Amino acid sequence: MRGLIHFGITAWKIECFLKYDYVGIQTVGTTAIRPCQTSVFDWRIVSAEEMSAEDMMSYFLWPNRTSCRLAHDFGGHMKRKPSGLDGQKAVCLNPVQVAPPPGECLVYSFGINNEWSFDDNMERYGCQVYAFDPSMKEEDHDRSPAIHFFKLGLHSQDTTNKKGWRLCSLTSIYNMLKKRHGERVIDYLKMDIELDEWAVIPQIIKSGMLDKIRQLAVEIHLPIKDSPEQMRDRVRIIRSLEEGGMVRFDSKLNPWYSGTFKLLDLSGPRGYEIAWYNSKFLNSKSS
């Protein structure tokens, strides 16, 4: 099975497409950079227990792009050193059953940091956008008729942190806003919450809220102090989304966020933007 890409659509062999040094992953110390030892294949067939440190990083970067016939990036701004686009989010537009319905879509956007390009683009696409960030020096307000800001953060439970930020679970936020948008599907949920994703994702799955999400985009953050087993636990959390019916269709590394994982004997990206759609909608005629 190794050496093949299997996405339910097609399969072909690609020799050494995803070299570890290609994605910026290098062994550290006196160990030489490992030559390409594997071909791209479907990471769903490999258990977390089987993965080496390099495998885990390659799993995070695995884009599985053939699962979506048409994906566009929404938002983003140009950065330097290295030059490139940052802040964009991949949105799957085909298969149409999983695409946010233009003109009537609902977006939850967690983590703004005064960078509104994604939210503005989703408004132009035709969505009502609910944006959240407890770190910004702004109170609740409507940025526009379709973009509604809340000084509130996403967490695994309802609490107030040491900085005085109000944090709530997705269930609590959804119930709070249900009076405004009704009982409906969240067509796109964006999450960039600086490590809290590792507590939030299991809570979303446990609460059943995953069934209400059509597409999900998460920037995952990897602590450089992780041991191999701690990193393996993070693989298991991402894997639990995919075992729960979420189909990955994009992943990009963050070239501005990297470091050395000393306990893994690796250096490389610490952030990955991963996007999924919910396969339960593939056979659904309506939301």
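Note that the numbering runs from 1 along the sequence shown for the chain. Note: hydrogens, waters and symmetry copies are ignored here, and every other heavy atom, side chains too, is used. These numbers come from a predicted model, not from an experiment.
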**Q** Is the terminal nitrogen or CZ of R214 (NZ for Lys, CZ for Arg) located under 6.0 angstrom from the six-membered ring centre of F281 and within 45° of that ring's axis?
**A**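 Here R214 passes the 6.0 Å and 45° test against F281.
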
**Q** Set out, in order, the CA-CA distance, both residues' side-chain angles and the distance that settles salt bridge (Lys or Arg N to Asp or Glu O under 4.0 Å) for D119 and R143, then state yes or no.
**A** CA-CA 10 Å; D119 310 84; R143 172 177 168 82; over 6 Å; no

**Q** Do R69 and N94 pair up side chain to side chain, a donor and an acceptor below 3.5 Å, judged on atom types alone?
**A**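 Per modelled atom types, R69 and N94 side chains form a pair under 3.5 Å.
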
**Q** Given side chains that start at C-beta, do those of F110 and V200 come closer than 4.5 Å, heavy atoms only?
**A**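 No, side chains not in contact.
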
**Q** Can a donor-acceptor pair be found, under 3.5 Å and without considering hydrogens, that links the side chain of N121 to the backbone of G75?
**A**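 Side chain of N121 to backbone of G75, a donor-acceptor pair under 3.5 Å: yes, one is there.
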
**Q** Where the side chain of W276 meets the backbone of G245, is there a donor-acceptor pair that is under 3.5 Å apart?
**A**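 Between the backbone of G245 and the side chain of W276 there is no qualifying donor-acceptor contact (under 3.5 Å).
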
**Q** Same cluster or not: are F118 and L216 linked, directly or through other Ile, Leu, Val, Met, Phe, Trp or Tyr residues, by side-chain heavy atoms under 4.5 angstrom apart?
**A**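 In one cluster with F118: L216, no.
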
**Q** Distance check, rounded to the nearest 0.5 Å: K280 atom NZ versus M246 atom CE?
**A**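 Rounded to the nearest 0.5 Å, the NZ-CE separation comes out at 10.5 Å.
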
**Q** Answer yes when K190 and E273 have at least one side-chain N-carboxylate O distance shorter than 4.0 Å, and no when they do not.
**A**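 Judged by the 4.0 Å cut-off on N to carboxylate O distance, K190 and E273 do not form a salt bridge.
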
**Q** Is the ring pair Y130/H181 parallel, tilted or perpendicular, if the boundaries are 30 and 60 degrees?
**A**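 Answer is perpendicular, since the angle exceeds 60°.
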
**Q** For residues I238 and L170: do they belong to one hydrophobic cluster (side chain heavy atoms under 4.5 Å, members Ile, Leu, Val, Met, Phe, Trp, Tyr)?
**A**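 In one cluster with I238: L170, yes.
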
**Q** For R80, look at atom CZ and say whether over 12 heavy atoms of other residues, nucleotides or ligands are found less than 6.0 Å away.
**A**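 No.
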
**Q** Determine the sole option in L154, D192, I220, I204 for which the side-chain contact (heavy atoms from CB on, under 4.5 Å) test with E197 is passed.
**A**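 Output: one option passes, namely I220.
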
**Q** Is a side-chain donor or acceptor of N254 paired with a backbone partner of P269 at a separation under 3.5 angstrom?
**A**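 Checked: no pair found.
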
**Q** Is there a donor-acceptor pair closer than 3.5 Å between any side-chain N or O of S251 and the backbone N or O of F60?
**A**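 The answer is yes, because a donor-acceptor pair under 3.5 Å joins these two groups.
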
**Q** CD/Q128 to CG/L177 distance, rounded to the nearest 0.5 angstrom?
**A**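 One gets 11.5 Å once the value is rounded to the nearest 0.5 Å.
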
**Q** For R166, does the CZ atom have more than 12 heavy-atom neighbours from other residues, nucleotides or ligands under 6.0 Å away?
**A**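 For R166, atom CZ is not crowded (no more than 12 foreign heavy atoms under 6.0 Å).
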
**Q** Would you give the length of the straight line joining atom CD1 of I112 to atom CZ of F132, rounded to the nearest 0.5 angstrom?
**A**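 Between atom CD1 of I112 and atom CZ of F132 there are 9.0 Å.
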
**Q** Would you say the side-chain atoms of E115 pair up with the backbone N or O of S117, donor to acceptor, closer than 3.5 Å?
**A**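 Yes, because the side chain of E115 sits within donor-acceptor range (under 3.5 Å) of the backbone of S117.
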
**Q** Between R236 and E243, does a salt bridge (Lys or Arg N to Asp or Glu O under 4.0 Å) hold up when you go through it step by step?
**A** CA-CA 10 Å; R236 293 185 184 106; E243 290 174 346; over 6 Å; no

**Q** Using 0.5 Å steps for rounding, measure from the OG atom of S52 to the CD atom of E54.
**A**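 With rounding to 0.5 Å, OG (S52) is 4.5 Å from CD (E54).
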
**Q** With side chains defined as the heavy atoms from C-beta onward, is the minimum distance between Q88 and K252 less than 4.5 Å?
**A**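 Result yes, sub-4.5 Å side-chain heavy-atom pair found.
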
**Q** Among residues two or more places apart or on two chains, list those pairs meeting side chain to side chain donor-acceptor pair (under 3.5 Å) that have a residue in residues 202-213.
**A**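 The answer is E183-K212.
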
**Q** Short question: side chain of K151, backbone of M136 - any donor-acceptor pair under 3.5 Å?
**A**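 The answer is yes, because a donor-acceptor pair under 3.5 Å joins these two groups.
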
**Q** Will you find, in the side chains of D55 and S58, an N or O donor that is under 3.5 Å from an N or O acceptor?
**A**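 Side chains of D55 and S58: no pair found under 3.5 Å.
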
**Q** Do D158 side-chain atoms and S169 backbone N/O form a donor-acceptor pair below 3.5 Å?
**A**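 The answer is yes, because a donor-acceptor pair under 3.5 Å joins these two groups.
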
**Q** Is I274 linked to L222 within one hydrophobic cluster, defined over Ile, Leu, Val, Met, Phe, Trp and Tyr using a side-chain heavy-atom separation of less than 4.5 Å?
**A**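 Yes, I274 and L222 fall within the same hydrophobic cluster.
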
**Q** As an exercise, state the distance from OG of S109 to CD1 of I186, rounded to the nearest 0.5 Å.
**A**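 Between atom OG of S109 and atom CD1 of I186 there are 12.0 Å.
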
**Q** Do the side chain of Q215 and the main chain of C92 share a donor and acceptor less than 3.5 angstrom apart?
**A**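 It does hold such a pair.
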
**Q** On the 0 to 90° scale, with breaks at 30° and 60°, tag the W116-H141 ring pair as parallel, tilted or perpendicular.
**A**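 Geometry flag for H141 against W116: perpendicular rings.
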
**Q** Quick check on the hydrophobic clustering: are W256 and I193 connected, directly or via other members, by side-chain heavy-atom contacts under 4.5 Å?
**A**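 Different hydrophobic clusters.
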
**Q** Applying the 4.5 Å side-chain criterion to the ILVMFWY set and letting contacts propagate, would V185 and Y277 be lumped into a single cluster?
**A**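 They do share one cluster, since a chain of ILVMFWY contacts under 4.5 Å joins V185 to Y277.
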
**Q** Going by ring-ring contact (aromatic ring centres under 6.0 Å, His included), name the pairs with one or both residues in residues 64-94, residues two or more places apart or in two chains.
**A**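 Only F74-Y125 qualify under ring-ring contact (aromatic ring centres under 6.0 Å, His included).
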
**Q** Quick one: does any side-chain atom of R270 pair with a main-chain N or O of Y257 as donor and acceptor, under 3.5 Å?
**A**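 No: the side chain of R270 does not pair with the backbone of Y257.
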
**Q** Using the six-membered ring wherever Trp is involved, compare the ring planes of Y59 and W43 and label them parallel, tilted or perpendicular (cut-offs 30° and 60°).
**A**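 Taking W43 first and then Y59, their aromatic rings stand perpendicular (interplane angle over 60°).
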
**Q** Any donor and acceptor pair, going by atom type alone, linking the side chain of R248 with main-chain N or O of S67 inside 3.5 Å?
**A**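 Such a contact is absent between R248 side chain and S67 backbone.
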
